[in-house]
Structure formats: structure tokens, C-alpha cells
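Order of the sequence lines sets the chain letters (A, B, ...), proteins ahead of strands, with each chain counted from 1.
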There are 2 protein chains.
Amino acid sequence: MQRVFEALASTTRRKILAYLSKAELTAGEIAARFEISKPAVSQHLSVLENAGLVTSEKRGQYVHYRLVEDNLANTLNGYLQEVCPVSRPLKVESAAKAARLDDG
Amino acid sequence: MQRVFEALASTTRRKILAYLSKAELTAGEIAARFEISKPAVSQHLSVLENAGLVTSEKRGQYVHYRLVEDNLANTLNGYLQEVCPVSRPLKVESAAKAARLDDG
DNA sequence: CTATTAATTAAGGCATGACTTAATTACCTA
DNA sequence: TAGGTAATTAAGTCATGCCTTAATTAATAG
């Protein structure tokens, strides 16, 4: 929980997650999308992995990273339920679908 | 967005939000719940207020703080939609209700 | 007006986070 | 096995964050 919010506090790390939400990428492919050094990106990936937000798999010479969607969704939604009324997140997040389902 | 995630990166600040989710409190009442100094708590409140997660109102000698639920819920859910498939958060957050509605 | 309480601002210390370059590890290919 | 690429680890710098105590502002009570 603490690690997840710390990981999300960095814009660079949130961008990495955004990239990984579209496709699995190697460390090098991720680094190429930023202007900071490769070791710096590697450190960010390490933070994200320690928070359980991404996982890595080494295939040959490359390390492939992918998003762990469940952990992100569960942590944020869990926190939201804790602090906000249960009904609100549902409405905010997919108001259209909820409305449709509630009406039907 | 950046400010919200920075604000949430601190355990102390998340605890403050948790207290405020139960009741409106004065700065002093909040400070009394922590072991750190009152100025330290004041700084945390300032961070939360700059992030738009709480608002304050001075009444006489006291400053009352309360949670801004909408901003917290909208920011986290908005981010979640951006990074995770739209359908997932709904399932995670209220699986029972979603299942019931989907089945019915 | 003076004293007291609530709260914030100011100033400074210390730990932590983010970045850099250089070195190292691991894997692939000629 | 020597050389090259991918990636991480190591070491050190610089900025930022969180905490402290002391000073200040603002409101209430005598």
C-alpha cells in the first residue's frame, strides 16, 4: 500500500505504467521513451516492481516488463472504499454503465 | 494529479484523510491524533489542501478541516481508467453488485 | 490592554529520492 | 573466446521532503 502510493508519486513512473498499459515493453524500449539515463529508468522500474505494479521476465538478452493491473486496481479501489463512501467510486468510474445497469 | 499522488504518498497524510472521512476536525484535533509536532501536521494539512483533497474554514479561533471526497474519488478513478481497462475497476470494486447486475 | 490558546510561518537539520557516469553481469554472435 | 548489446549495480552529487524549535498572527477571556 505504502509502496504503491510512493511508486505513483512520480510522474515518470506513472508514464511508464501508461506505456505498459498499452503493450509489454523491454527495459530498453521503455528507456528510449524518456530523456533520462537508462540506469535511472532501471531504478524506476525497480520501484514499480517492488510495489508489485509491474513484473519482469528475462527472455534471452532482454527483460520484458508488463503491468500488473490487478494490484493497481485493487489498491486504488480498496483505498477509495476506505476513505470515500462505497457508492461513489462506482458512479464516478463508469457512470454510464452503472446507470444503464441500474436502470435496467 | 501530480499533487494528489504526492499528497497520498505519505502515510501520515493518508491517516489524516481517513480521520476526516469520519468527521470534520479542527487542526488541533487532528494534531492530537499524531505524535509529531503541531507545525508538522500543519504542513501536511497544507499539502493536502494544495492538492485539493481537503478544505479549511476558520471559525473563530479554530480552523476546521474537511475531506473533499469528489476530488479524491475523481482523481483516483480517472487515473485507473487511464491505465487499466475500463471494465476492470468496476469488477474489482464492487464485484458482488456488478455480478448481480450483469447476471440479472 | 494583557494573557492565553489555536494555528501557521520561519529557519535549519537530517534523511531520502532522483539523477549522473562508470563498472559489472549476462547473453548472443562471429 | 573475443566483442557487442541489454540491463543492472555501484558510487557519488544535488534537490526535496519531513521533522524540529522558535517566532508570529489571530482570536478569546479576564
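The nearest whole Å value for the distance from the CZ atom in Arg59(A) to the C1' atom in dT5(D) is 18 Å. Between the CZ atom of Arg14(B) and the C1' atom of dC18(D) there is a distance of 15 Å, given to the nearest Å. Distance, Phe34(A) CZ to dT20(C) P: 13 Å, rounded to whole Å. The nearest whole Å value for the distance from the CG atom in Leu48(A) to the P atom in dA18(C) is 10 Å.
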Polar atom pairs between nucleotides 7-17 of chain C and protein, under 3.5 Å, N or O only, would you list them?
from   : atom 1 : to       : atom 2 : distance (Å)
dA7(C) : OP1    : Ala27(B) : N      : 3.4
dA7(C) : OP1    : Val63(B) : N      : 3.4
dA7(C) : OP2    : Gly28(B) : N      : 2.6
dT8(C) : OP1    : Tyr65(B) : OH     : 2.5
dT8(C) : OP2    : Ser42(B) : OG     : 2.7
dT8(C) : O5'    : Ser42(B) : OG     : 3.2

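The salt bridge (charged side-chain N to carboxylate O under 4.0 Å, His left out) pairs that include a residue from residues 30-51 of chain B number zero, where partners must be two or more places apart or lie in different chains.
Asn77(A) has its side chain out of reach of Leu76(B): every pair of non-hydrogen atoms, C-beta onward, lies at least 4.5 Å apart.
When each of Lys58(A) and Ile36(A) is assigned the nucleotide of DNA chain C with its nearest heavy atom, Ile36(A) is the one assigned upstream, toward the 5' end.
Scored by the side-chain contact (heavy atoms from CB on, under 4.5 Å) test, Val63(A) finds Ser56(A), Lys58(A), Tyr65(A) as partners (sequence neighbours excluded). Considering only residues two or more places apart in sequence or on other chains, Glu24(B) meets the salt bridge (Lys or Arg N to Asp or Glu O under 4.0 Å) condition with Arg59(B). Residues satisfying the side-chain contact (heavy atoms from CB on, under 4.5 Å) criterion with Ala40(B), sequence neighbours excluded, are Ile36(B), Ser37(B).
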Would you mind writing out the side-chain donor-acceptor pairs for residues 8-21 of chain A within the sub-3.5 Å range, not counting sequence neighbours?
from     : atom 1 : to       : atom 2 : distance (Å)
Ser10(A) : OG     : Thr12(A) : N      : 3.3
Ser10(A) : OG     : Arg13(A) : N      : 3.1
Thr11(A) : OG1    : Arg14(A) : NH2    : 3.4
Thr11(A) : OG1    : Gln2(B)  : OE1    : 2.7
Arg13(A) : NE     : Ala7(A)  : O      : 2.8
Arg13(A) : NH1    : His44(A) : ND1    : 3.1
Arg13(A) : NH2    : Glu6(A)  : O      : 3.1
Arg14(A) : NH1    : Leu8(A)  : O      : 2.6
Arg14(A) : NH1    : Gln2(B)  : OE1    : 3.1
Arg14(A) : NH2    : Gln2(B)  : OE1    : 2.7
Ser21(A) : OG     : Ala18(A) : O      : 2.6

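Look at His44(B) and you won't find any side-chain N or O under 4.0 angstrom from OP1 or OP2 of dG17(D). Considering only side-chain N and O atoms, Ser37(B) lies nowhere under 4.0 angstrom from the phosphate OP1 or OP2 of dC19(D).
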